[in-house]
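Here's the structure we're looking at; comments come further down.
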There are 2 protein chains.
Amino acid sequence: MPVTLKEVAERAGVSRSAVSRTFTDGASVSEKMRRKVEKAARDLGYSPNALASSLTTGRTKLIGLISNNFHNPIFLQVFDLFTRGLQDRGLRPLLVNLTDETDPQASVAMLRQYSVDGAVVASSTLPPGFSKAFRDAGVPVVHSFGRYSSAPQVHVVGIDNVECGRMAARTLVARGYRKIAFLGGPESATSTQDRYSGFFSELGAHRDVTTSYSFADAYSFDAGRREMLRLLKSDPAEAYFCGDDVLSIGVLSAIADSGLRVPEDIGIIGLNDMEMARWENINLTTIHQPIRQIVTSSIELMVAMLDEPDRYPEARIFPCSIVERGTLRPLK
Amino acid sequence: MPVTLKEVAERAGVSRSAVSRTFTDGASVSEKMRRKVEKAARDLGYSPNALASSLTTGRTKLIGLISNNFHNPIFLQVFDLFTRGLQDRGLRPLLVNLTDETDPQASVAMLRQYSVDGAVVASSTLPPGFSKAFRDAGVPVVHSFGRYSSAPQVHVVGIDNVECGRMAARTLVARGYRKIAFLGGPESATSTQDRYSGFFSELGAHRDVTTSYSFADAYSFDAGRREMLRLLKSDPAEAYFCGDDVLSIGVLSAIADSGLRVPEDIGIIGLNDMEMARWENINLTTIHQPIRQIVTSSIELMVAMLDEPDRYPEARIFPCSIVERGTLRPLK
DNA sequence: GGATTTTTTGCAACCGGTTGCAAAAGCGCG
DNA sequence: CGCGCTTTTGCAACCGGTTGCAAAAAATCC
């Protein structure tokens, strides 16, 4: 049904190569030829088959966009930024949902079948083994929102979760909280582990602070609410560092139900600074994660790797910052 | 770099066709041959190039997933359901973000270049012209969350927005509200227009009800809040039917700031029943849109069309239902 | 066991493009 | 106008697969 290069060539009365060259930039074609071919192409409504050309050029301009975070609203923004950024560079995102996938091999095989030029793993919860599997299969890969490591094995773009943990701890201590708790996301997520270790390493220096910790089983409203309702039954802390904003919102809801007030009775600090955090009826104090920069940088890195697949792996880490709103008591 | 069919054939000592047939189901291969080939393929780590085969078969198993709703959290769920549903059927979603695109032609050209087998337009705000453009280009298309029409020109799966408008009106009247307003989303969205017309056609029958209407300029928290703050300045209505849940939440925040109470002073009913609507600190009364069913049905329709591209267009409309929570006064 | 039918296999052409190479065309210049 | 040089063009092979067709092999039947 669709018009092929051969038909255009016949119509224009030229060779197939001539047509091909007109649509390949950098190829040698005279002005006259170009005009002739373009006319014929327009008449016929021709557009070149990207997949056929990928066979010889070895490039599909397809980029696997791989994630398992389809429940956290910030990822809608992540997808928005990724798809637009890739499109702007003429690349096409092939979306892969790894939600209930535990074995990387199947996805690796699939991405190879479609000859993707590269893969972006956008996830804060996938184990590093996934991105390594892609690299081992020879697919250039960037792990966005991945774990910071001083010796990264694949390209990582994200934040320093350990430092975020420290930052949260410093903030709480500075505001005079002395009974402080960590309410993490899933214990298995690397981001949770790192925030935990940063948080407690900072608090270790403060002998007058008492600490405790627990984990919600997902980065979700329900998980946060459920865990906080449990904590409220027996002697809650003065302030909580929560694994994530949506978890924090669940926590706030539990506190409100129990008749306690934020920040008067309990202080809360989240992480991500999702859009909702600044909604006036939530007004969550939180740690801002520079999502836009992470995505932009990931795309730049991906593009660079397309030209230089064996590029030496690097970690690009962006600083986070506290966004003060209404869920922590003010500095004295 | 990747292993090709030819190499497998040489290693197994058979013809290329034999290898091809082993990986094509329904083809005639003896058990002995199959075992030989599979062994060689395994040794070499071969996996067939889906794009190359698409050249002769004419099928890529690529489905364009087209949307411009990257700011409404319910679409994260929509993407989750679509990607998983498509993957489960061996189809691959090629994501297209139309956020600032006004001309369908560019996307049509792109999807043709990649020879997608079909396109799902998942949007409540794109004009019908977009889906028609795909159909005219010979791409099987399903418009999910599209406008209901008794004479659809392309396949449409969604809800009857006119009926939703009526339903909202009936609900408000039944609860004794007599001064009722419509606070729509963007006036240009077909969903807004239909809800508007259903809402007012139902209210037309009630002589004792006074009505008014206005539009927010997006389906967003900020737009809803801004519009409500404006409305609160002069004689607000007793109850509002809001274009969407996230808009409603902005509206609730404005009302809270003004010192009025919901549902005592003002009643609110939303639409969508997004996850957030049932969060205890929001607890929004709303109209449930059966997203899961819409997505599932869209995928089924898409799959059916792959076998029968000229299938007669149909509209699949799912009923919505009121979800009673805390933002309308109870029935008397 | 041989003739006949059915199944399996390989050959070669094709899908829609790209590209190295050599021939053809165009150019500048004396 | 003819020469040498540069640019443009077409030929043909190739990318990694599939498939119709006929030959080869296996299965069935008498």
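Quantities reported herein were computed from a predicted structural model and do not represent experimental measurements. Here is the naming used below: chain letters follow the sequence lines, and residue numbers restart at 1 for every chain.
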Within this structure, what is the [atom1]-to-[atom2] distance between [X] and [N], rounded to whole angstrom?
X: A:Lys61; N: C:dT18; atom1: NZ; atom2: P; value: 12 Å
X: B:Glu10; N: C:dG10; atom1: CD; atom2: C1'; value: 15 Å
X: B:Arg35; N: C:dT8; atom1: CZ; atom2: P; value: 13 Å
X: A:Arg112; N: D:dG16; atom1: CZ; atom2: C1'; value: 14 Å
X: B:Met33; N: C:dT7; atom1: CE; atom2: C1'; value: 12 Å
X: A:Tyr114; N: D:dG16; atom1: OH; atom2: C1'; value: 15 Å
X: B:Asp25; N: D:dG17; atom1: CG; atom2: C1'; value: 16 Å
X: A:Leu55; N: D:dG17; atom1: CG; atom2: P; value: 8 Å

Sub-3.5 Å pairs of nitrogen or oxygen atoms, protein against nucleotides 19-27 of chain C:
unit_1	atom_1	unit_2	atom_2	d
C:dT19	O4	A:Ser17	OG	3.4

Side-chain ([X]) to main-chain ([Y]) donor-acceptor, under 3.5 angstrom:
X: B:Gln193; Y: B:Ser188; result: yes
X: A:Gln87; Y: B:Asn97; result: yes
X: B:Ser297; Y: B:Ile294; result: no

task: Please round to 10 degrees the angle between the axis of the first five pairs and the axis of the last five pairs in the helix from C:dG1-D:dC30 to C:dG30-D:dC1.
output: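 The angle, to the nearest 10 degrees, is 30°.
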field: N/O (side chain, B:Ser54) to phosphate O (OP1/OP2, D:dG17) under 4.0 Å
entry: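 So the side chain of B:Ser54 is outside the cut-off, no N or O lying under 4.0 Å from OP1 or OP2 of D:dG17.
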field: Any A:Ser15 side-chain N or O less than 4.0 Å from OP1/OP2 of D:dG10
entry: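 So the side-chain polar atoms of A:Ser15 do come within 4.0 Å of the phosphate oxygens OP1 or OP2 of D:dG10, strictly under.
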Base, sugar-phosphate, or nothing: which does [X] touch, judged by heavy atoms less than 4.0 Å apart?
X: A:Val29; result: sugar-phosphate
X: A:Tyr46; result: sugar-phosphate
X: A:Thr4; result: sugar-phosphate

Residues A:Glu314 and A:Arg316 bridged, charged N to O under 4.0 Å: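 Yes, A:Glu314 and A:Arg316 are salt-bridged.
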message: Between A:Arg84 and A:Asp80, does any side-chain N to carboxylate O distance fall below 4.0 Å?
response: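 Looking at A:Asp80 together with A:Arg84, the answer is yes, because their closest N to O distance falls below 4.0 Å.
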- request: Report yes if the distance between the aromatic ring centroids of B:Phe70 and A:Phe82 is under 6.0 Å, otherwise no.
  value: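 No - the distance between ring centres of B:Phe70 and A:Phe82 does not fall below the 6.0 Å cut-off.
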task: Assess whether side-chain contact (heavy atoms from CB on, under 4.5 Å) is satisfied between A:Asn68 and A:Thr125, documenting all intermediate values.
output: CA-CA 8 Å; A:Asn68 65 339; A:Thr125 53; 3.1 Å; yes
- request: Could you tell me which residues satisfy side-chain contact (heavy atoms from CB on, under 4.5 Å) with A:Lys6, sequence neighbours excluded, listed by chain and number?
  value: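 Checked A:Lys6 against side-chain contact (heavy atoms from CB on, under 4.5 Å); matches are A:Thr4, A:Glu10, A:Arg16.
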message: Checking B:Phe145 against B:Phe75 for the ring-ring contact (aromatic ring centres under 6.0 Å, His included) test, could you report, in this order, the C-alpha distance in whole Å, the side-chain angles of both residues, the deciding distance, and whether it holds?
response: CA-CA 11 Å; B:Phe145 304 97; B:Phe75 269 81; 5.6 Å; yes
